[in-house]
Amino acid sequence: MFPEADAVSPLLHNLNPEQRAAVTLPNEHALILAGAGSGKTRVLTTRIAWLLSTGQVSPGGVLAVTFTNKAAREMMTRLQAMLPLNVRGMWIGTFHGLCNRFLRAHYKLANLPQGFQILDTQDQLSAIKRLMKQFNIDDERFPAKQTQWFIAGCKEDGLRPNMVEVHGEDDRKKVEIYQLYEEQCQREGVVDFGELMLRSYELLQGNDPIRDHYQRRFRHILIDEFQDTNKLQYAWIKMFAQPRDGSPGAQPNSVFAVGDDDQSIYAFRGARVGNMADFVREFQVAHQIKLERNYRSYSNILDSANELISHNRNRLGKNLRTDQGAGEPVRVYEAPTDLAEAQWIVEEIRHLVRGDGPEGGFDRKEIAILYRSNAQSRVIETGLFNAAVPYRVYGGLRFFERAEIKHALAYLRVLENPSDDTSFLRIVNFPPRGIGTRSIEQLQDAARAAGCSLHDAVSATTGKAGANLTAFVAKIDVLRERTIDLTLREIIELVLQESGLVEHYKAEREGADRVENLQELVNAAESFVSQEGFGRDAVALPVDELSPGMLRQSPASQGLDPSQPEINEPAPDYVPPDAETGETLSPLAAFLTHAALESGDNQAEAGQDAIQLMTVHSAKGLEFDCVFISGLEEGLFPHENSLSDPAGLEEERRLMYVAITRARKRLYLSHSQTRLLHGQTRYNVRSRFFDELPEGALKWLTPKHQTFGGSAFGYGAGYPTTRGGSYGGGFQRESIASPPVPAQKAAPSHGLKQGMKVFHTKFGEGTVLSIEGQGDDARAQINFPRHGIKWLALAVAKLTPVP
DNA sequence: TGCAGCAGGCTTTTT
DNA sequence: GCCTGCTGCA
């Protein structure tokens, strides 16, 4: 179909038939089901490169969306390696980064100040707390965290306060807070992450010329990790897709979505796997391609992953396969305690690093220890530390989230936008300058009465406290004056000195690290400036992007090959109003945006050859030669909070699937009989996931014995296994590995199951964690939220099941 | 204003 | 069990 394909065949080299088919699909909507390790990013980037080099699209006609900055950067880098090309005209970035870019270009239409600043999660929470205090809202009844969660949830669903369905008084109040919060943000000229998305969406939806313009402009819309999109993000994508109404001369654009329903692990933050099915239906997707060939793992690992995930019902259906051999079996270890589990892991790692096995020694950075929740890392860290094995923990505070950095940024933000009250409050008395709670309260009252910002309300204050405030504001205003002709680096250096931050931390006993971080902020700014155009996401559109000229040009004239025929419709003589000004953001505002959108690396020293510790969630998208999945216990993994509903359990299983498929060569699974959690020893049963793995791929390093909560009693939560029946799925499996276990008694008389909710007259409602013993000796371990975890003798305790 | 001591919470996370 | 955040006292 495209003769040029020959000329670009180097691009298509080394692609398997399915990948190649995906890359060269015609200009129609497509869904690519890309399994773990199937070369997803490669297909996505090669697709763009292929479209560009065959002249089907100009760089300006590409819209490619990812979730993380890392993924966006990787795409950009790979693309540049494939084609000699200026990627600046392309819209490649994260959802939020692109929304930011869009809103900067159309800030007037979006009803925002040009230099609007972005609230991160911390900022948002403190803005909500401040608001609730101001309006005397009972924070026992409406905890700020929950309110934040509510607001974010509404925005993820695309709902403004007036659109939220209200059931009862509490709802009404929450919506009222939401409304007040919106007004506060608008007044202060700040937007939160959800707002970036929602406001972009609303502008596209409500403004036909703008929408029309972008629909014509973006010929190809590509989306990574489609299974993680939430309702609003999907609706946002739909805004860019031209309706295929068959109107004469229409040149519809196309959406190319890449995803893997089996790796959808972010439902808790609003992701909707259902978007994949909706997309197929609503867009009448003509092409669905499955990438099932895995280039990462040996087949014992893949078989385990396939078998496990086959226990999920709601799947689009996909099976990974590999040409590599079986490889080592998946090793399973049961430890008596979490400490012993950690020690075993450390011991195995020493063997792996030393290279006792056939593969020779592994690099430490090729070994990962994964766990379900962060709390599990401590005991492993202790083990590694005692054995003097270098390790690196992912997660935790990132650079731009550190307190000293947030303080410095708050000074910068107040310089940029004096009505940013959140930032004002953060620094008004930090470092301490004699402005106490009372004077701040007075100032807040004055600001409220006058309907102005805290900064502007200062001039109305009187007295001694007023003097301190006046001095502070004067200092800020003088600083602002002095920064006018300075470079970004100079501005930051000036602020660090004049704010007293550096001095303050120098005087602190443990402040050396913080001073160092502040210095690092100067470096961060420096490298930000030296990046092309201050970083693509942060700045307003470069003038050329939406210049009237461009709109009239044929796209081919900016593309690679001038001889290309014109592909796009000539754009109408319409220029989106905001874009014609060519205004750009100040470097400071751009840098602040960058800091909010890209929270920076974890501080851990990169580059060092160290064992990698992280949660399964953060491991998504990564791969390692050797992977340990630890703490595979009922209640932990799958997590007890997810046991009560089938959807939750399926997500836990997908999480396990993600964990397994991280491993290239070796996979180790471990669990412990007891574990210290929240200061209490918990007795845990091994995870049901063990019973969902192919026995032939496993090697049990410790005897596999019958567990009570597992096979004998069936699993709780009323979730039938695919082998049918809630009783014995694991049991049948058991008999393959070991001689039949001496007749387990039939269903226990107490009728309790793990995961079940029960009611106790004294302790209230609780969840059954595990059951031990038979008949009169039977005991159950029950977690009562209000009284902690108890062992109760079932013959004595009066427990009633709660439906 | 600043620090010490105590209560409460606690799954996963990117932007 | 440990960290965060708030209250109360000097």
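The figures here come from the full heavy-atom set of this structure, side chains too, leaving out hydrogens, waters and symmetry mates.
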With a 4.0 Å cutoff (strictly under), does any side-chain N or O of [X] reach OP1 or OP2 of [N]?
{"X": "A:Arg398", "N": "B:dT15", "value": "yes"}
{"X": "A:Asn69", "N": "B:dT15", "value": "yes"}
{"X": "A:Thr615", "N": "B:dT12", "value": "no"}
{"X": "A:Arg378", "N": "C:dC3", "value": "yes"}
{"X": "A:Arg433", "N": "B:dT1", "value": "no"}
{"X": "A:Thr94", "N": "B:dT14", "value": "no"}
{"X": "A:Asn374", "N": "B:dT13", "value": "yes"}

**Request:** Establish, for the pair A:Arg392 and A:Tyr394, whether the NZ or CZ atom is under 6.0 angstrom from the six-membered ring centre and no further than 45 degrees off its axis.
**Result:** yes
**Prompt:** According to the 5.5 Å centroid and 30° plane-angle thresholds, does A:His639 stack upon the nucleobase of B:dT11?
**Reply:** yes
**Request:** Measure the distance between the ring centre of A:Phe95 and the centre of the six-membered base ring of B:dT15, then answer whether it is under 5.5 Å with planes under 30°.
**Result:** no
**Prompt:** Can you give the dot-bracket line for DNA chain C, where a pair is Watson-Crick or G-U wobble with both atom distances under 3.5 Å, crossing pairs use [ ], and | marks a partner on another strand?
**Reply:** ||||||||||
**Item:** Ion pair A:Arg160/A:Glu195, N-O distance below 4.0 Å
**Value:** yes
**Salt-bridge present (A:Asp123, A:Arg413; N to O < 4.0 Å)** = yes
**Message:** Under the rule for salt bridge (charged side-chain N to carboxylate O under 4.0 Å, His left out), what residues qualify as partners of A:Glu225, not counting sequence neighbours?
**Reply:** A:Lys40, A:Lys620
**Message:** Over 60° means perpendicular and under 30° means parallel, so tell me whether A:Phe240 and A:Trp236 are parallel, tilted or perpendicular.
**Reply:** perpendicular
**Asked** So, do A:Ser687 and A:His671 sit near enough that their side-chain heavy atoms are less than 4.5 Å apart?
**Response** no
Over how many whole Å does the gap from [X] atom [atom1] to [N] atom [atom2] extend?
{"X": "A:Lys620", "N": "B:dT14", "atom1": "NZ", "atom2": "P", "value": "11 Å"}
{"X": "A:Tyr371", "N": "B:dT13", "atom1": "OH", "atom2": "C1'", "value": "14 Å"}
{"X": "A:Leu677", "N": "B:dT11", "atom1": "CG", "atom2": "P", "value": "9 Å"}
{"X": "A:Lys145", "N": "C:dG5", "atom1": "NZ", "atom2": "C1'", "value": "10 Å"}
{"X": "A:Glu651", "N": "B:dT11", "atom1": "CD", "atom2": "C1'", "value": "11 Å"}
{"X": "A:Gln680", "N": "B:dC10", "atom1": "CD", "atom2": "P", "value": "15 Å"}
{"X": "A:Phe399", "N": "B:dT15", "atom1": "CZ", "atom2": "C1'", "value": "18 Å"}
{"X": "A:Trp149", "N": "B:dT11", "atom1": "CH2", "atom2": "P", "value": "14 Å"}

**Message:** Under a 3.5 Å cutoff, is there a donor and acceptor pairing between the side chains of A:Gln442 and A:Ser439?
**Reply:** no
**A:Pro432 or A:His678, whichever maps to the more 5' nucleotide of DNA chain B** = A:Pro432
**Asked** When you match A:Asn429 and A:Ser618 each to their closest nucleotide on DNA chain B, which lands nearer the 5' end?
**Response** A:Asn429
When we call it a touch if two heavy atoms are under 4.0 Å apart, what does [X] touch: a base, just sugar-phosphate, or nothing?
{"X": "A:Glu652", "answer": "base"}
{"X": "A:Phe67", "answer": "sugar-phosphate"}
{"X": "A:Leu676", "answer": "sugar-phosphate"}

Minimum-distance nucleotide to [X] side chain [options: [options]]:
{"X": "A:Ser373", "options": "B:dT13, B:dT11, B:dT1", "result": "B:dT11"}
{"X": "A:Phe193", "options": "B:dT15, B:dT12, B:dC10", "result": "B:dT15"}
{"X": "A:Phe268", "options": "C:dC6, B:dT11, B:dT12", "result": "B:dT12"}

**Asked** Does B:dT11 adopt a syn or an anti glycosidic conformation, taking syn as a chi angle within 90° of 0?
**Response** syn
**Request:** Answer yes or no: side-chain N or O of A:Thr121 and base N or O of B:dT15 forming a donor-acceptor pair under 3.5 Å.
**Result:** yes
**Message:** Please tell me whether A:His311 and A:Phe689 form a close aromatic pair, meaning their ring centres lie under 6.0 Å apart.
**Reply:** no
**Prompt:** With ring centroids as reference points, do A:His407 and A:Tyr505 lie under 6.0 angstrom apart?
**Reply:** no
